[in-house]
Each structure stands twice: as structure tokens, then as C-alpha cells.
Enquirer: 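This structure is in C-alpha cells; I'll ask about it shortly.
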There are 2 protein chains.
Amino acid sequence: MNAMDHVDKILTQWQQQRPDLNVAPMGTLGRLKRLNQSLMRRMEQTWAVYGLNDSSFDVLATLRREGPPYALSPSDLMASTMVTSGTMTHRLQQLEKAGLIERVKNPADGRGFLISLSEKGFALIDEAIVAHVETQAELVSGLSDEQRAQLDALLKQFLNSVEKQ
Amino acid sequence: MNAMDHVDKILTQWQQQRPDLNVAPMGTLGRLKRLNQSLMRRMEQTWAVYGLNDSSFDVLATLRREGPPYALSPSDLMASTMVTSGTMTHRLQQLEKAGLIERVKNPADGRGFLISLSEKGFALIDEAIVAHVETQAELVSGLSDEQRAQLDALLKQFLNSVEKQ
DNA sequence: ACCATATATCTTGATATCAAGATATTTTGA
DNA sequence: TCAAAATATCTTGATATCAAGATATATGGT
């Protein structure tokens, strides 16, 4: 419980080397980063079972949860997933090559496209999401429901404050 | 406070499309991921002022906080920073080219090296860490000290449970 | 109607990362 | 002592990402 973890050791080292620095925030941000890294690696294993990774799962899931007709523009997808246009172009190329999405010219705007789930893409994401949710449940099982809710509230406030800054 | 954020909208969409799924963990993990992404981007701006990025800062800071003689093997650095050997080789090449580290053959083990901060590397990281800590303080300023401590405790337990799994 | 500006997307070039395998050296066990 | 296994590091090949710039189309103001 109170045992020193990897991050505590880092803070102790800094305190000894640079006692002038306030390293408390470093502890919080360091754990956040390391936790995220561990969580991502675990989730990637589940995605890999379905031939997916973070990027491809992200796009397919965004289209799936949108509901019928399971279609968005690349710009909408960029906004949802926080990546640049070059990254989204690349992701869509891969997914199109794999036959998981289809693209049609946007009839309402000659500059753009609409990206939609193919039948194959729909079937795949609808199956993968079940395994993904199970993995996530397992990952948070070290916290009680109440602790998870507390964490949720703190993260929500934190995220809100950072995105406003 | 209670306003719907980006993650809440995602959960609502899933609930409507797939009411069979328990998406509560997805909220927590989604906020963690998005928060980490926002935080990293902000910290990168500070590192860039010193010609550094996440990778190079990470290595230099690890050597600096180690204390005299500011030296570790590539393997030690890999363990501290959670990257593969190929990644560490690449990082060290860049840092050596920039004159921020020096490498000598490990006299005690002919297979390995010791990586140490150059004078230039020491001066740079000792300056950059001050700005970095200031940025971190600003990033967490949306939480009270008590909230930050609470978050810290929850993250610590969470991290511990995930790394054990 | 027309031009300037904004928008949607793609292209290019550079960097970081990983997994798998290669090489050199050390350690272990019979 | 010596062969087998372990370890430390590097190399290779593939992928994902970003920033900056290019191209095509749309929109707004005159």
C-alpha cells in the first residue's frame, strides 16, 4: 500500500539531488504517464487478436458508436481522435486496404469524403468491442467501484482544467 | 463540473448503440488517455525550448537524478524508461551526436557501456528541469493540493494493481 | 460575378518506436 | 575446462506520427 514504487524512487532521487525543486506534481504526472503506458500495452494485446491496433480500433469504434449510417468525414474523425490530417489520411488508407471502411465523395461538399464502415468492418468492430470492454474491466479491477468513481471525478476535473488552460 | 465532456459523449453513444456493454471502465481509461495526451503535448513545448523532447529529456533526467558520477548502462536506462533496446540505442546515438552524453566501455563487463552526462548535458538538464517542474506545477493547478494528493493515491494503487496483473 | 480567404484532404520528409534477429561477451553447470 | 545458456547491445525492417506545404473546392464580401 505505502510501499515505495518506481515513481517514489524517482522523487526521492530528485529531492536529494535538487532539494530546491517542488517535485510533488511530477509524482502525479509520472504515475499518469506510466499507468497509461501499461494500460495501452495491455489493451493492444486484445486489439491484436482482431488484427487491430490503437489507431485502427480508434477509427472503427468512432464510426460504430456513431450509429447508422456509421459514417463520418475524415475531419470529424480527426476531431474525435485528436490526430493530425496526415495521420488520419494514413489510417484511412490502411483501413481501406483492409476492406474495413469505404469512402465516397461527399455529395454536399466536393472537397471532402464520407468514410463509412464496410459490412466486414462493422462485424469486426462489433466483435472486438466486446473483448475490449472485458479487458478494460479486468484492468480496473484493482480499484473498488467507489474508488474508480472517485478517480473518474478527479480525472474529469483535471482534464477539464488542462484543456481550458 | 457535471457538464458532459468529450468522454461522456462517447459513453452515451455506446450506451445507445450497445446497451449490453458495461462502459464505466471505458470512461476512466478514456480520460486517462486523453489527459495524458494533453499533458504530454504541453510538456513537449517546454522541452522544445531547450532543444529536447520526451525521449532525450527522459534519458538526461534519469542520469541527472542518479547523482554523481551521473552514469548508467544502457540496460539500466532501458529499465528506468520502459523502452526497448532498439529505442535506447537510437536515443543514445542522438544524444551522443548532440554532445550531451559520453559513452565508455564498461571496464567490468566487456559486453556493455556506461553512459554519462557530458558537461554540456549536465548544464542543459539542470536548467531544463527547472522549467519542466514549473510547467508541471501549472498543469496541476486546476486541482487543489488535497485533490492532487487524493489523485496521487488512487493512481498509485491503480498502477500497482495493473503492473502486478 | 469575382476575388480573397477559409476549409478539406493529401503529400512529403523527418523522427520515434517496436519486434525480431545478429553479434559479442559473460556466466553457469557438468 | 568447456559447451550451453544468458546477457548487453546493435541492426534491420516495418509502422505511426507530426509539421509544413500542396491542391482542390467552397464561402463571403464587395
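A note on names: the letters A, B, ... follow the listed sequences, proteins ahead of strands, and every chain is numbered from 1.
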Enquirer: Between atom CG in D54(A) and atom C1' in dT17(C), what is the gap in whole Å?
Expert: 13 Å

Enquirer: In this structure, would V130(B) and V140(B) fall into the same cluster of hydrophobic residues linked by side-chain contacts under 4.5 Å?
Expert: yes

Enquirer: On DNA chain C, does the nearest nucleotide to D109(A) precede the nearest nucleotide to Q37(A) from the 5' side, or the other way round? Give the residue.
Expert: D109(A)

Enquirer: Starting at CD of E44(B) and ending at C1' of dC18(D), how long is that distance when rounded to a whole Å?
Expert: 10 Å

Enquirer: Round to the nearest Å and state the distance from D58(B) atom CG to dT15(C) atom C1'.
Expert: 16 Å

Enquirer: May I have the distance from L72(A) (atom CG) to dT9(C) (atom C1'), rounded to whole angstrom?
Expert: 16 Å

Enquirer: Among the candidates dC18(D), dA20(C), dT17(C), find the nucleotide nearest to the side-chain atoms of H90(B).
Expert: dT17(C)

Enquirer: Starting from P on dC10(D), measure out to CE on M78(B) and report it in whole angstrom.
Expert: 10 Å

Enquirer: From the list dT17(C), dT9(D), dA16(C), which nucleotide is the closest neighbour of the side chain of P74(B)?
Expert: dT9(D)

Enquirer: Would you say that L159(A) contacts V162(A) through its side chain, given a criterion of any heavy-atom pair below 4.5 Å between the two side chains?
Expert: no

Enquirer: For a quick check of understanding: with a heavy-atom distance under 4.0 Å over all strands, which category does G86(A) fall into, base, sugar-phosphate or nothing?
Expert: base

Enquirer: Quick one: which of dC10(C), dT11(C), dT9(D) gets closest to the side chain of Q93(A)?
Expert: dT11(C)

Enquirer: Would you sort out whether D58(A) and S55(A) count as a side-chain hydrogen bond (donor to acceptor under 3.5 Å, both in side chains), showing the intermediate values?
Expert: CA-CA 5 Å; D58(A) 199 17; S55(A) 316; over 6 Å; no

Enquirer: Got a donor-acceptor pair under 3.5 Å from the side chain of T87(A) to the base of dC18(D)?
Expert: no

Enquirer: Report the distance from atom CD1 of I101(B) to atom P of dT9(D), rounded to the nearest whole Å.
Expert: 12 Å

Enquirer: Toward the 5' end of DNA chain D, which comes first, R91(A) or A108(A), by nearest nucleotide?
Expert: R91(A)

Enquirer: Closest to the N53(A) side chain: dA16(D), dT17(C), dT7(D)?
Expert: dA16(D)

Enquirer: If you check the R111(A) side chain, which of dT25(D), dT17(D), dA16(C) turns out closest?
Expert: dT25(D)

Enquirer: Kindly check if the number of other-residue, nucleotide or ligand heavy atoms within 6.0 Å of CG (D145(A)) is above 12?
Expert: no

Enquirer: Which whole-number value in Å describes the distance from R41(B) CZ to dA19(D) C1'?
Expert: 12 Å

Enquirer: dC18(C), dT9(D), dT9(C): which one has an atom nearest the side-chain heavy atoms of S73(A)?
Expert: dT9(C)

Enquirer: Send over the distance from M88(A) CE to dT11(C) C1', rounded to a whole Å.
Expert: 17 Å

Enquirer: Do the non-hydrogen side-chain atoms of L100(A) and Q94(A) ever get within less than 4.5 Å of each other?
Expert: no

Enquirer: For dC10(C), take OP1 and OP2 only and decide whether either is under 4.0 Å from a side-chain N or O of R103(A).
Expert: yes

Enquirer: Report the nucleotide, chosen from dT9(C), dT7(C), dA16(C), that has the shortest atom-to-atom distance to any side-chain atom of S75(A).
Expert: dT9(C)

Enquirer: Please compare K105(A) and T84(A) by the position of their nearest nucleotide in DNA chain D and report the one closer to 5'.
Expert: T84(A)

Enquirer: Looking at D8(B) and R31(B), is any side-chain nitrogen of the basic one under 4.0 Å from a carboxylate oxygen of the acidic one?
Expert: yes

Enquirer: Between dC18(C), dA8(D), dC10(C), spot the one nearest the side chain of T89(A), thanks.
Expert: dC10(C)

Enquirer: Is the phosphate of dT17(C) approached by S55(B) (side-chain N or O, under 4.0 Å from OP1 or OP2)?
Expert: yes

